[in-house]
Amino acid sequence: MTFLYKPLGLLIGILSGMIATAAFERVWRLASGGQQKPDATDPNSTWTEIALAAALQGAIFAGVKAITNRAGAKGYEKATGTWPA
């Protein structure tokens, strides 16, 4: 029965990426006073801006992924009575 979780897990992964991207962009704009995130290849972006943006983006993506994966597994368990392997 856990083979049914694979397509659901793929869908959850895509959804979590979309949620994390939107969350990061909103958090960055709030933290930076409305500026777009720095581009690593932009000569006007500083090392500090790039490093902070990358660290924040990584933390948000990891958190959203963990939360959505856990919610998906719990939902699957509730629907089928088994935990996905």
Side-chain angles (χ1 to χ4, degrees):
M1 197 71 155
T2 58
F3 67 91
L4 294 175
Y5 184 72
K6 291 204 184 272
L8 179 62
L10 180 62
L11 189 61
I12 289 169
I14 292 168
L15 180 63
S16 70
M18 293 167 54
I19 292 168
T21 298
F24 168 71
E25 288 175 0
R26 177 171 283 184
V27 169
W28 182 260
R29 277 195 219 110
L30 288 172
S32 68
Q35 297 178 1
Q36 294 290 330
K37 76 175 185 120
D39 183 1
T41 60
D42 180 0
N44 297 318
S45 296
T46 67
W47 282 97
T48 303
E49 289 173 329
I50 293 166
L52 287 174
L56 180 62
Q57 187 175 27
I60 289 172
F61 268 75
V64 169
K65 182 179 177 185
I67 291 166
T68 56
N69 282 343
R70 180 64 177 199
K74 293 294 277 180
Y76 182 85
E77 179 187 38
K78 187 175 182 178
T80 64
T82 60
W83 189 261

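Just so it is clear, the structure is predicted and the values come from calculations on it, not from any experiment.
The salt bridge (Lys or Arg N to Asp or Glu O under 4.0 Å) test applied to K65 returns no partner, not counting sequence neighbours. With sequence neighbours left out, F61 forms a side chain to side chain contact (heavy atoms under 4.5 Å, CB included) with A20, T21, Q57.
Side-chain contact between Y5 and T82 is absent, with no heavy-atom pair separated by less than 4.5 Å. For the pair Q36 and R29, the minimum side-chain heavy-atom distance is below 4.5 Å. Residues T68 and L15 fail the side-chain proximity criterion, which asks for heavy atoms closer than 4.5 Å.
Residues I60 and I19 fall within the same hydrophobic cluster, defined by Ile, Leu, Val, Met, Phe, Trp and Tyr side chains chained together at heavy-atom separations under 4.5 Å. Cluster annotation: I12 is connected to Y76 through the hydrophobic network of ILVMFWY side chains, with a link wherever side-chain heavy atoms come within less than 4.5 Å.
The main-chain N or O of D39 is found under 3.5 Å from a side-chain atom of S45 such that the two form a donor-acceptor pair.
Across F24 and A53, no two heavy atoms sit closer than the pair CE1-O, 3.5 Å. Contact record, G13 with S16: O-OG, 2.9 Å, taken as the closest heavy-atom pair. For the residue pair W28 and P38, the shortest heavy atom distance occurs at CZ2-CD, 3.4 Å.
Rounded to the nearest 0.5 angstrom, L11 CG and K6 NZ are separated by 15.0 Å.
Pairs engaging residues 67-83 under the salt bridge (charged side-chain N to carboxylate O under 4.0 Å, His left out) rule: K74-E77 [sequence neighbours left out].
If you run side-chain contact (heavy atoms from CB on, under 4.5 Å) between T46 and each of T48, D42, N44, only T48 comes through.
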